[in-house]
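The structure displayed is predicted, hence computed values, not measured ones. Labels below follow one simple rule: chain letters A, B, ... track the order of the sequence lines, proteins then strands, and each chain is numbered from 1.
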Protein chains: 2
Amino acid sequence: MKLSMKSEYACLALIDLSENYGKDLIKIEGISKRKKIPKKYLEQILLSLKRAGLLKSKRGAGGGYMLSKPPSKISIAEVVRLMDGALAPVESVSKYFYEPSPIEKNKQLMGLFRNIRDYVSNKLEKTTFADLIKK
Amino acid sequence: MKLSMKSEYACLALIDLSENYGKDLIKIEGISKRKKIPKKYLEQILLSLKRAGLLKSKRGAGGGYMLSKPPSKISIAEVVRLMDGALAPVESVSKYFYEPSPIEKNKQLMGLFRNIRDYVSNKLEKTTFADLIKK
DNA sequence: ACTTTCCCCATCTTTTTAGTAGAGATTAAA
DNA sequence: TTTAATCTCTACTAAAAAGATGGGGAAAGT
């Protein structure tokens, strides 16, 4: 029922990049310092966000990262799914990460968890990084 | 964002006991077989449910477990909290299990997670085992 | 006494989490 | 063209959590 550090870090990093959207490339080092995220760990996180198509980067002196689309086009849902997998409380009610699980035996429990899944995923789907940087 | 096996097993076990509420004492063995839960693991789970006051038990021949109150007085929330801790997606928005966490820096994110927490906890608080055994 | 059944604790294996290390590739600039 | 900056990639590792298992003890019924 809990987000990993990795998801939290990823969100904070994307917030940082959103705050700087439209400006120059942002360095890992900078994000790491501003958001207090271990640098080498952050590297990996940014890399996977990049591989997922959320970020663009450039190497070498003056290099860094930037969002590959505006903050308003990136939802919290996709980030959390990338880092942590299913948003659903049990995987047997997950849309993208279905796995059988013991509670499938109980219809009512499934219904309850499906309801929660829908709420959470709808909420996270609708919230974008543009929403998170509003003052 | 996910329930542990332990929580799932605990719910199934309580469903079994709810289905048999008012009848005789129920044996671990029976629950284990009906719900396909490893017996020795189930022992531990039932024991902690007992320590938390949800179950009563009797040892020896003819012994077993029973609910210590009617199914309608036991919420899913208390069971999941017992087994897995916080219902909140991040502990910094948890009511009963607060812990500092990196995302506290972002007000909007906190708001979002608080909203989710409220929904989930309200939902699980309101659903009882009586609801889960309705046909 | 003997059997059944819960009680309790220790142990163990596997997976996940959270992070570190270090070499390599690319780019800009001196 | 060398050097410094910066991302890229793979591997490794340590600690914690998850998911059990094992074995003996205590109580209760027969």
Side-chain angles (χ1 to χ4, degrees), chain A residues 1-13 17 24-33 35-52 54-68 80 82-86 90-91 97 99 101-103, chain B residues 1-13 17 24-33 35-52 54-68 80 82-86 90-91 97 99 101-103:
Chain A
M1 221 83 194
K2 221 180 120 251
L3 257 70
S4 64
M5 284 288 144
K6 207 164 171 181
S7 271
E8 293 196 43
Y9 289 156
C11 287
L12 288 175
L17 288 163
D24 267 359
L25 291 165
I26 307 301
K27 300 186 212 332
I28 294 179
E29 182 75 27
I31 302 175
S32 160
K33 284 200 170 132
K35 300 297 196 250
K36 306 247 165 51
I37 306 173
K39 186 181 166 198
K40 291 298 278 182
Y41 199 29
L42 179 58
E43 275 186 18
Q44 293 182 56
I45 292 170
L46 293 178
L47 211 42
S48 49
L49 292 172
K50 181 197 159 151
R51 288 184 180 134
L54 299 177
L55 303 180
K56 282 192 283 200
S57 64
K58 200 170 168 196
R59 301 206 251 196
Y65 278 99
M66 60 178 296
L67 300 184
S68 59
V80 174
L82 250 168
M83 297 294 134
D84 281 359
V90 292
E91 279 164 357
F97 301 88
E99 291 272 334
S101 88
I103 68 111
Chain B
M1 222 84 195
K2 221 179 119 253
L3 256 71
S4 65
M5 284 287 145
K6 208 164 169 181
S7 271
E8 293 195 42
Y9 289 156
C11 287
L12 289 174
L17 288 163
D24 266 1
L25 291 166
I26 307 301
K27 298 187 216 329
I28 294 178
E29 183 75 28
I31 302 176
S32 160
K33 285 200 168 129
K35 300 297 195 249
K36 306 246 164 50
I37 306 172
K39 187 182 166 195
K40 289 299 278 181
Y41 199 29
L42 180 58
E43 273 187 20
Q44 293 182 61
I45 292 169
L46 293 177
L47 211 41
S48 49
L49 292 171
K50 181 199 158 148
R51 288 184 182 134
L54 299 178
L55 304 180
K56 282 191 282 200
S57 65
K58 201 170 168 195
R59 300 206 251 194
Y65 277 99
M66 59 179 296
L67 300 183
S68 59
V80 173
L82 250 168
M83 296 294 134
D84 281 1
V90 293
E91 280 165 355
F97 300 87
E99 289 271 334
S101 87
I103 67 112

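The minimum heavy-atom distance linking A/Leu67 with A/Leu55 is given by the pair CD2-CD2, 3.6 Å. Counting all heavy atoms, side chain and backbone alike, A/Ile37 lies closest to A/Ala13 at CD1-N, 4.4 Å. Across every non-hydrogen atom of B/Met66 and B/Leu17, the tightest pair is CA-CD2, 4.2 Å. A/Leu42 and A/Ser32 get closest at one heavy-atom pair: CD2-N, 3.5 Å. Shortest non-hydrogen contact noted between B/Ala52 and B/Leu82 is CB-CD1, 3.3 Å. Nearest heavy atoms, B/Leu25 versus B/Gly62: CD1-O, 3.8 Å.
Taking five base pairs at each end of the helix from C/dA1-D/dT30 to C/dA30-D/dT1 and finding the rotation axis that steps the C1' atoms of four pairs onto the next four gives two axes whose angle is 10°, to the nearest 10°.
Applying the salt bridge (Lys or Arg N to Asp or Glu O under 4.0 Å) test to A/Lys39 and every residue at least two apart in sequence or in another chain returns A/Glu29. In this structure B/Ala10 satisfies the side chain to side chain contact (heavy atoms under 4.5 Å, CB included) test together with B/Ile45, B/Leu49, B/Val79, B/Met83, sequence neighbours excluded. Remark: B/Tyr9 pairs with B/Tyr41 by the ring-ring contact (aromatic ring centres under 6.0 Å, His included) rule, at least two apart or across chains. Judged as a salt bridge (Lys or Arg N to Asp or Glu O under 4.0 Å), and not counting sequence neighbours, the contacts of A/Lys35 are A/Asp16, A/Glu19. Under the rule for a salt bridge (Lys or Arg N to Asp or Glu O under 4.0 Å), the partners of A/Lys40 that lie at least two apart in sequence or sit in another chain are A/Glu43. The side chain to side chain donor-acceptor pair (under 3.5 Å) test applied to B/Lys50 returns B/Ser57, not counting sequence neighbours.
Using a 4.0 Å heavy-atom cutoff across all strands shown, B/Ile28 reaches sugar-phosphate atoms only and no base atom. Among the protein residues, B/Lys27 comes within range of the sugar-phosphate backbone only, with heavy atoms under 4.0 Å from sugar or phosphate atoms but none that close to a base.
Remark: side-chain polar atoms of A/Glu8 are paired, donor with acceptor, to backbone N or O of B/Ile103 under 3.5 angstrom.
One distance of note links OG of B/Ser48 with NZ of B/Lys6; it measures 5.5 Å at 0.5 Å rounding.
Summarising the geometry, the separation between CD on A/Glu43 and C1' on D/dT6 is reported as 9 Å, rounded to the nearest angstrom. If you take CD of A/Glu29 and C1' of D/dC7, they are 13 Å apart, rounded to a whole angstrom. At whole-Å resolution of the value, CG in A/Leu47 and P in D/dA11 are 14 Å apart. For the pair A/Leu25 CG and D/dC7 P, the interatomic distance rounds to 9 Å; values are reported in whole Å. In this entry the distance linking NZ of A/Lys39 with P of D/dT6 reads 9 Å, nearest Å. B/Ile45 places its CD1 atom 9 Å from the P atom of D/dA20, with the value rounded to the nearest Å. Atom pair A/Lys40:NZ and D/dC9:P shows a separation of 13 Å (rounding to whole Å applied).
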At a cut-off of 3.5 Å, list every protein nitrogen or oxygen paired with a nitrogen or oxygen from nucleotides 14-19 of chain D, distance to 0.1 Å.
unit_1: D/dG19; atom_1: OP2; unit_2: B/Met5; atom_2: N; d: 3.2

Between the protein and nucleotides 28-30 of chain D, list the N/O to N/O atom pairs that are separated by less than 3.5 angstrom.
unit_1: D/dA28; atom_1: O4'; unit_2: B/Arg59; atom_2: O; d: 3.4
unit_1: D/dG29; atom_1: OP1; unit_2: B/Lys58; atom_2: NZ; d: 2.7

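In the 5' to 3' direction, nucleotides of DNA chain C lying under 4.0 Å from heavy atoms of chain A begin and end at C/dA18 to C/dA28.
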